[in-house]
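Quick notes on the structure that follows.
Each chain gets a letter, A, B and so on, in the order the sequences are listed, and its residues count up from 1.
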Protein chains: 2
Amino acid sequence: MASAGPNEPQQSGEQLRQMLPELNSARPTIAEIARRAGVNKSTVSRALRDDPSIPQATRQRIQDLAAQLNYVPNASARHLNHARTDTIALVSRALNLDTGAGSADPFLVELLAGIADEAASHHFDVLLVRAEEGERELGVYQRILGGRHADGVILTDLRPNDHRLAYLCRHRYPHVLFGRSAEDLAEARLYPYPWAEVDNRSGARIGTEHLIGLGHRRIAFIGGGDTYHWERDRRAGYREALARANLPYDPRLCIPSGISQKDGYLLTQQLLSWEEPPTAIFAISDVLAVGVMRAALDAGVQVGPAFSVIGFDGLGLGSYLTPPLTTLRQPINEVGRILVQLLCAVLRGTPPEEPHVFLQPELIVRASTRGY
Amino acid sequence: MASAGPNEPQQSGEQLRQMLPELNSARPTIAEIARRAGVNKSTVSRALRDDPSIPQATRQRIQDLAAQLNYVPNASARHLNHARTDTIALVSRALNLDTGAGSADPFLVELLAGIADEAASHHFDVLLVRAEEGERELGVYQRILGGRHADGVILTDLRPNDHRLAYLCRHRYPHVLFGRSAEDLAEARLYPYPWAEVDNRSGARIGTEHLIGLGHRRIAFIGGGDTYHWERDRRAGYREALARANLPYDPRLCIPSGISQKDGYLLTQQLLSWEEPPTAIFAISDVLAVGVMRAALDAGVQVGPAFSVIGFDGLGLGSYLTPPLTTLRQPINEVGRILVQLLCAVLRGTPPEEPHVFLQPELIVRASTRGY
DNA sequence: TTTGTCTACGCAACCGGTTGCGTTGACTTA
DNA sequence: TAAGTCAACGCAACCGGTTGCGTAGACAAA
């Protein structure tokens, strides 16, 4: 699998080994600067922070010296003092290679972009942590927050009765939720940490109503299990739309699934083999919808007004599918930004008056429901 | 945009403000445990690390006490001692919202998954940092590595004469490269840090040869600028294949572009409007290929043997496109893992004998070149 | 009983900054 | 000239662990 590179391998390996001892060369400490400047550590510390109690001339001299020596303050030392790390963590299960997914979720990148951007402007670092499952799930949070690797954490993929949330609340570990807090938890009611969420239920309802408005009566809903709030809420929205339109709810049309394209593909294949297949499919995510559309195409079913497909998320990809995918767009970047703002506010000790942000998804109608 | 959540907003905002003072409650330090156990700090420290100089019984007693108090050692304090942070950083420009991209790059998630997974098994944290551009570009590395936010960094999107690489080498900042090191840099020759790379040139050559083998003679190459190694190498592979097959190189067929689906779409539209359009298109990435195929479809051109499209990357998405996309698969997860292994080896002071890993991409032929 | 050995643990310095408070010396005021 | 003021900076403790070294006490050997 791995083969030798172009340059002589042994030599470079050896070369690298020899240079390693120099690794820690020349990262000056505040004491070193003090020595060179002929002042005390404390004076240097103050000068570098532009403390007015140090005369301008001295300040300048010390700052120049520091710059010249490429001085950068040691983060650990600072963190230890301040009992803050200026770091927030994102724990995500989308990073787990093992668990099903297989296909990388573009959703995470968009969220990360928003988070990284906003965090940078607040001078915060972002720690990326893969979620563990089962027994070890809480251990991750204990390690990160108890051990002060980060000051707070962004929690995603909330579940009903989420024991991670209960744990964070009980320990007063600062956090924000992507997804509304489970009001079913006493801890969450007692410690109402902020959350931001896109209205999954309304989104799914609006999407389903769109399909109903096109005349569809047999609408399948493919997606998700019973685990996460977002999937339950979207399913609830679907059922709500049916109810409002006085359409019967047929449990056989509401099909649980995994979250990959493949799941969408296989389940759609199955649906289309029915005697009386549905005339429209609501896929719980755009990723899933990709598989749905592919299956339809493979079965020779043309996606459009007669057989409609709608997704959820509004990934950039959607408009380039065949046909372009109708979807509910979530402002994912925006959510990332807001989550960081909320968390930073909590960490600053000034939580926002209104700690709950509820965003509306936007229906984007494309050819997969409308036709060309 | 933001609207009030379901529960009374003011109340919960206020409630949160009141609980904040408790934030730092009950995170015991080693001194606290020592006090309760009636021993010295040092004894606790040793007991917790299972130092054999502490008798088993005492060790157990202290460990039980620590567990009972939910003790987790403070990372900053430990880092300060060890002059290590057990953290690696990934700096990526794919996180930048501003710069063009717009569409989230699924590539990054796959890389991140590999990195996060491997880092966890080495007990390393992963810091995610968005790249800056221009003047401030190097400042990011100075802050992260000079300030010891992380022990080492994974560098991506290498450029010829990359001054980031020169900077890291000059300061002996531990790093690994995704992409081969620029041998054009004296610093990189002197300090041969590890790298891992997928053979972009061979991949593009093989892909192009595949097209040539299908009988194509006018093959366009859409993609990339002149900035990054990976795009230059892929283009070089394309030209190499042409040369080997004694086909003329037509500069008009080799079209620079951005990296988004939209770029692929627009440029393909243009190509197809030519009097004598190419019969095949090599898109420099799968993401770009998505746009290419969409444009072909919109122009009524059927993608397949007569008009072939090939991508590069092997994203999971490819097999669900219409038609499924022929591509060069990169083992992205694998690359992530290897990069972490290499970096950890450097940080441990035991760089691998063979610090250069060169992976071969795999040609995956699907209907976009072969037809159904 | 004295000397020696070894076990079990304490003391204190240290990592690299930060910060409260004290001290020095120049200068002003009585 | 003595007392008071204030600017400029030093001293040392502190954050929370880690670690080299020293020592008290138990026990065995002489």
Side-chain angles (χ1 to χ4, degrees), chain A residues 23-63 65-66 69-87 143 145-151, chain B residues 23-63 65-66 69-87 143 145-151:
Chain A
L23 270 186
N24 292 313
S25 67
R27 284 193 241 191
T29 68
I30 224 171
E32 171 71 10
I33 296 178
R35 208 179 49 73
R36 299 212 193 197
V39 297
N40 189 275
K41 288 199 313 177
S42 56
T43 305
V44 175
S45 176
R46 293 187 176 108
L48 293 178
R49 323 185 112 258
D50 260 330
D51 187 316
S53 80
I54 308 294
Q56 180 59 43
T58 314
R59 239 187 285 171
Q60 194 60 54
R61 188 168 58 89
I62 293 176
Q63 285 173 9
L65 186 58
L69 295 178
N70 277 309
Y71 171 77
V72 183
N74 181 302
S76 303
R78 232 181 223 185
H79 297 164
L80 186 53
N81 262 303
H82 291 149
R84 285 191 293 110
T85 58
D86 290 337
T87 302
R143 197 181 74 83
L145 294 168
R148 298 272 191 184
H149 290 79
D151 297 333
Chain B
L23 268 186
N24 291 312
S25 67
R27 283 195 240 189
T29 69
I30 223 171
E32 170 70 9
I33 296 178
R35 208 178 50 72
R36 298 212 193 197
V39 297
N40 189 273
K41 288 200 313 178
S42 56
T43 305
V44 175
S45 177
R46 292 186 176 109
L48 294 177
R49 324 184 112 257
D50 260 330
D51 188 316
S53 80
I54 307 294
Q56 179 59 44
T58 314
R59 237 188 287 171
Q60 194 60 55
R61 189 168 57 89
I62 293 175
Q63 285 174 10
L65 186 58
L69 295 178
N70 278 308
Y71 170 77
V72 183
N74 181 302
S76 303
R78 230 180 224 184
H79 297 163
L80 186 53
N81 261 303
H82 291 151
R84 287 189 291 112
T85 58
D86 291 336
T87 303
R143 197 181 73 84
L145 294 168
R148 298 273 193 185
H149 290 79
D151 298 332

- Message: In this structure, how many angstroms lie between the P atom of C:dG16 and the CG atom of A:L48, rounded?
- Response: 16 Å
- Below 4.0 angstrom from OP1 or OP2 of C:dC9, is there any side-chain N or O of B:T43? no
- Rounded to the nearest Å, what distance is computed from the CD1 atom of residue A:I33 to the C1' atom of nucleotide C:dT18? 15 Å
- Query: Is the distance from OP1 or OP2 of D:dC11 to the nearest side-chain N or O of A:N40 less than 4.0 Å?
  - Reply: yes
- Message: If I compare all heavy atoms of B:I54 with all of B:A47, which pair ends up nearest, and what's the gap?
- Response: CG1-N, 4.1 Å
- Over how many whole Å does the gap from B:H82 atom NE2 to C:dC14 atom P extend? 17 Å
- Message: So does A:A77 get a backbone contact from the side chain of B:R148, meaning a donor-acceptor N/O pair under 3.5 Å?
- Response: no
- Query: Any side-chain N or O of B:S42 less than 4.0 Å from the OP1 or OP2 oxygen of D:dT19?
  - Reply: no
- Task: Could you grab the distance from atom CG of B:N81 to atom NE2 of B:H79, nearest 0.5 Å is fine?
- Result: 10.5 Å
- Side chain of A:L80 only, please: which of D:dC15, C:dC21, C:dT18 is the nearest? D:dC15
- Phosphate OP1/OP2 of C:dG17: any A:N81 side-chain N/O under 4.0 Å: no
- Query: Contact class for A:S76 (heavy atom, under 4.0 Å): base, sugar-phosphate, or nothing?
  - Reply: nothing
- Query: Please give, in whole Å, the distance from D:dC9 C1' to A:R35 CZ?
  - Reply: 19 Å
- C:dC15 phosphate, OP1 or OP2, under 4.0 Å from A:T29 side-chain N/O: no
- Query: About how many Å separate CG of A:N74 and CG of B:L80, when rounded to the nearest 0.5 Å?
  - Reply: 6.0 Å
- Item | d(CG, A:D51; P, C:dT19) in whole Å | 10 Å
- Query: Just how far, in rounded Å, is C1' of D:dC14 from CG of B:N74?
  - Reply: 14 Å
- Drop me the distance from B:T29's OG1 to B:E32's CD, to the nearest 0.5 angstrom. 6.0 Å
- Under 3.5 Å, is there an N or O donor on one side and an acceptor on the other linking the side chain of B:R46 and the base of C:dG10? yes
- Task: In whole angstrom, give the distance that lies between atom NE2 of A:H149 and atom C1' of D:dG16.
- Result: 14 Å
- Nucleotide of D:dT18, C:dT18, D:dG10 approaching A:R78 most closely (side-chain heavy atoms): C:dT18
- Note on the structure: By nearest-nucleotide position on DNA chain D, the 5'-leaning member of A:P52 and A:K41 is A:P52
- Of the nucleotides C:dT18, D:dG17, C:dG17, which one has an atom closest to the side chain of A:S45? C:dT18
- Message: Taking the minimum atom-to-atom distance to the side chain of B:V39, which one of D:dC11, C:dG10, D:dG17 wins?
- Response: C:dG10
